[in-house]
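Here's the structure, in structure tokens; my notes come after.
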Amino acid sequence: MIDEFAKDNLHGRLRRDRKALLWKLDGLSEYDARRPLTATGTNLLGLVKHVATVEARYFGEVFDRPSPEPLPRWQDHNGSDLWAAEDETRDQIIGFYRRTWEQSDATINELSLDAPGHVPWWPEPHPNTNLFAIMVHVLGESNRHAGHADILREGIDGRTGLRPEHENQIDEEARAAYRAKIERAARSAAPIKA
């Protein structure tokens, strides 16, 4: 009974984070969805592409259920899953992510939590694992990148939140006052030296 509860709970949270990540693209121009927003090039559409690739590998290859999508060999990883090339459309990447969900969900639904898996890119002694460990790992990855997306989206237009129904109207004046309060506290705690 606890296994089914754990599996359903982890799976539900994964579904929540998937939707949150995609929501961060809503209403953005092609440029804003793709442009590098950090010094390392992190961008919103690239996060979606990366998380889709992570799911495809972990819920596919690890359980000998290869993705129906073409993926480069994991040994050939070159960072191309972290951004959208000029010839890749937003719809193609979102479609890849949604198709990956279907395969991942099938793996999760069909296997027990103790189903064995093998992660060839994990170092010894860790490559032999199970569905429970993979669900926790992928949930952590998805949650981490959804958080990145939240911060990136806030930097573009101020929108924040996990789901559209929980989004508050942006009150620029209140935000500026709150930020100024935090800035004052930071400066007071660490005075600037002349």
Inset, instruction - Might you work through the side-chain hydrogen bond (donor to acceptor under 3.5 Å, both in side chains) test for Ser104 and Glu55, ending with a clear yes or no? - result: CA-CA 7 Å; Ser104 298; Glu55 270 204 44; 2.7 Å; yes

Legend entry - Contact summary for Thr129 and His126, nearest pair of heavy atoms: CB-O, 4.5 Å

Inset, instruction - Taking the side chain as every heavy atom from C-beta outward, state whether Lys181 and Arg184 have any atom pair closer than 4.5 Å. - result: yes

Inset, instruction - For Asn43 and Ala33, work out which heavy atoms get closest and say how close. - result: OD1-O, 4.0 Å

Legend entry - Gap between atom CG of Leu37 and atom CZ of Arg35 - 0.5 Å precision: 5.0 Å

Inset, instruction - List the steps and the verdict of side-chain hydrogen bond (donor to acceptor under 3.5 Å, both in side chains) for Thr89 and Asp91. - result: CA-CA 5 Å; Thr89 69; Asp91 287 344; 5.4 Å; no

Legend entry - Flag, side chain of Arg99 to backbone of Gly95, donor-acceptor distance under 3.5 Å: yes

Inset, instruction - Give a yes-or-no answer on whether the side chains of Asp17 and Asn143 include a donor-acceptor pair shorter than 3.5 Å. - result: yes

Inset, instruction - Evaluate the side-chain proximity of Lys24 to Val48: yes if any heavy-atom separation is below 4.5 Å, no if none is. - result: no

Legend entry - pair Asp81-His50: side-chain heavy atoms closer than 4.5 Å: yes

Legend entry - Least distance between heavy atoms, Ser67 atom then Gln103 atom: CA-OE1, 3.3 Å

Inset, instruction - Run the numbers on His11 and Asp105 for side-chain hydrogen bond (donor to acceptor under 3.5 Å, both in side chains), then give the verdict. - result: CA-CA 8 Å; His11 199 181; Asp105 290 348; 2.7 Å; yes

Inset, instruction - List the atom of Ile93, the atom of Glu88, and the distance in Å for their closest heavy-atom pair. - result: CD1-CB, 4.2 Å

Legend entry - Atom of Ala146, atom of Leu21 and distance for their closest heavy-atom approach: CA-CD1, 4.2 Å

Legend entry - salt bridge (Lys or Arg N to Asp or Glu O under 4.0 Å) between Glu183 and Arg187, intermediate numbers included: CA-CA 6 Å; Glu183 180 68 27; Arg187 289 190 183 279; 2.8 Å; yes

Legend entry - From CG (Leu22) to CZ (Arg90), nearest 0.5 Å: 10.5 Å

Inset, instruction - Indicate the atoms forming the closest heavy-atom contact of Asp32 with Leu44, along with that distance. - result: O-CD1, 4.3 Å

Legend entry - Contact check, side chains of Val62 and Arg57, non-hydrogen atoms, under 4.5 Å: no

Inset, instruction - Side-chain contact test, heavy atoms from C-beta onward, threshold under 4.5 Å: evaluate it for Phe132 versus Leu10 and give yes or no. - result: yes

Inset, instruction - Indicate if Val54 and Phe63 have the same hydrophobic cluster label, given that clusters are the connected sets of ILVMFWY residues with side-chain heavy-atom separations under 4.5 angstrom. - result: yes

Legend entry - Common cluster, Leu139/Trp23, ILVMFWY with side-chain heavy-atom separation under 4.5 Å: no

Legend entry - Under 3.5 Å donor-acceptor, Arg34 side chain and Ala85 backbone: yes

Inset, instruction - Would you check if the side chain of Lys7 reaches a backbone N or O of Leu111 as a donor-acceptor pair within less than 3.5 Å? - result: yes

Legend entry - hydrophobic_cluster_shared for Phe96 and Leu14, side chain cutoff 4.5 Å: no

Legend entry - Whether over 12 other heavy atoms sit under 6.0 Å from Asp26 CG: yes

Legend entry - Arg175 vs Asp171, salt bridge (Lys or Arg N to Asp or Glu O under 4.0 Å): CA-CA, chis, key distance, verdict: CA-CA 6 Å; Arg175 277 191 179 177; Asp171 179 341; over 6 Å; no

Inset, instruction - Classify the angle between the aromatic ring planes of Tyr58 and His137 as parallel (below 30°), tilted (30 to 60°) or perpendicular (above 60°). - result: tilted

Inset, instruction - Verify, without hydrogens or angle tests, whether Lys49 (side chain) and Trp83 (backbone) share a donor-acceptor contact under 3.5 angstrom. - result: yes

Inset, instruction - Taking the side chain as every heavy atom from C-beta outward, state whether Leu113 and Asn130 have any atom pair closer than 4.5 Å. - result: no

Legend entry - Leu152 reachable from Tyr97 in the ILVMFWY side-chain graph, under 4.5 Å edges: yes

Inset, instruction - With ring pair (Phe, Tyr, Trp, His ring centres under 6.0 Å) as the test, would you mind laying out the steps for Phe59 and Trp101 before giving the verdict? - result: CA-CA 9 Å; Phe59 290 119; Trp101 295 359; over 10 Å; no

Inset, instruction - Flag yes if Leu45 and Leu28 sit in one hydrophobic cluster, no otherwise; membership is Ile, Leu, Val, Met, Phe, Trp, Tyr, and two members link when side-chain heavy atoms are under 4.5 Å apart. - result: yes

